[in-house]
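Please read the structure below before turning to the comments.
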Amino acid sequence: MYNEIYRMNRPENEPNCTYREGTPERKALMEEVKRQAKLVVDIPMVIGGREIFLEKVITIAEPHRTSNEIARVHLGGEEELKAAVESSQKAAKMWSMMPMSSRISVFRKAADLLSGKYRNQVLAATMLGQSKNMWEAEIDIAE
């Protein structure tokens, strides 16, 4: 276990976009929503960094348009559950041994990606998967 003192800057809230009619951010987001609405994403289990696709799947549709399937989620059984528990215990041990500054950098990197490069992808997925409008999705992502 590392013993360190880490100073953080005062956190600031992520600014929310307005998505006013005609703005570039609204246009880009709506294009991403249209793109994702045409896809069916195949979602594997991920255990120990390995993607696992099994034959037992459930389909996910938009709650507000149940005729539009947007994902297929692969389900596991007892064997996958045991492997996942074992893997998570190993990961927890490794994580707890990392210096605090390294752990913080992981979350900062994730926040940067969510507020930048992947913002519209996550917003669109939230809108389709949870029947949220663009402002509700924006609030969820900023949090």
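Just so it is clear, the model here is predicted, and its values are computed rather than measured.
- Shown here for Asn120 and Ala28, the closest heavy-atom pair between the two residues is ND2-CB, 3.6 Å.
- Note that CZ of Arg65 is 10.0 Å distant from OG of Ser131, once rounded to the nearest 0.5 Å.
- The salt bridge (Lys or Arg N to Asp or Glu O under 4.0 Å) contacts involving residues 115-138 comprise Glu14-Arg119, Arg119-Glu138, Lys132-Asp140, where partners must be two or more places apart or lie in separate chains.
- The shortest non-hydrogen separation linking Ser105 to Ser102 is OG-O, 2.7 Å.
- Met45 and Leu54 make their closest contact through CE-CD1, 3.4 Å (heavy atoms, listed as atom of the first residue, atom of the second, distance).
- By the 4.0 Å N-to-carboxylate-O rule, Arg35 lies close enough to Glu32 to be salt-bridged with it.
- Side chain of Gln36 to backbone of Gln121: a donor-acceptor contact under 3.5 angstrom is found.
- In this structure, Asp42 and Val40 have side chains that are not in contact, with every pair of non-hydrogen atoms separated by 4.5 Å or more.
- Side-chain N or O atoms of Thr59 include none that pairs as donor or acceptor with a backbone N or O of Arg72 at under 3.5 Å.
- In terms of heavy atoms, Ala71 sits closest to Ile43 at CB-CD1, 3.9 Å.
- The main-chain N or O of Met127 is never found under 3.5 Å from a side-chain atom of Asn133 such that the two would form a donor-acceptor pair.
- Between the side chain of Ser87 and the backbone N or O of Ala84, no donor-acceptor pair lies under 3.5 Å.
- The other residues sharing a hydrophobic cluster with Val85 are Leu81, where clustering joins ILVMFWY side chains under 4.5 Å apart.
- Open room surrounds OH on Tyr118; 12 or fewer heavy atoms of other groups in view lie less than 6.0 Å from it.
- For the pair Val106 and Trp95, the minimum side-chain heavy-atom distance is below 4.5 Å.
- Using a distance-only test at 3.5 Å, with no hydrogens or angles considered, a donor-acceptor pair links the side chain of Thr126 to the main chain of Val122.
- In summary, Glu78 and Lys82 engage in a salt bridge, as defined by a charged side-chain N under 4.0 Å from a carboxylate O.
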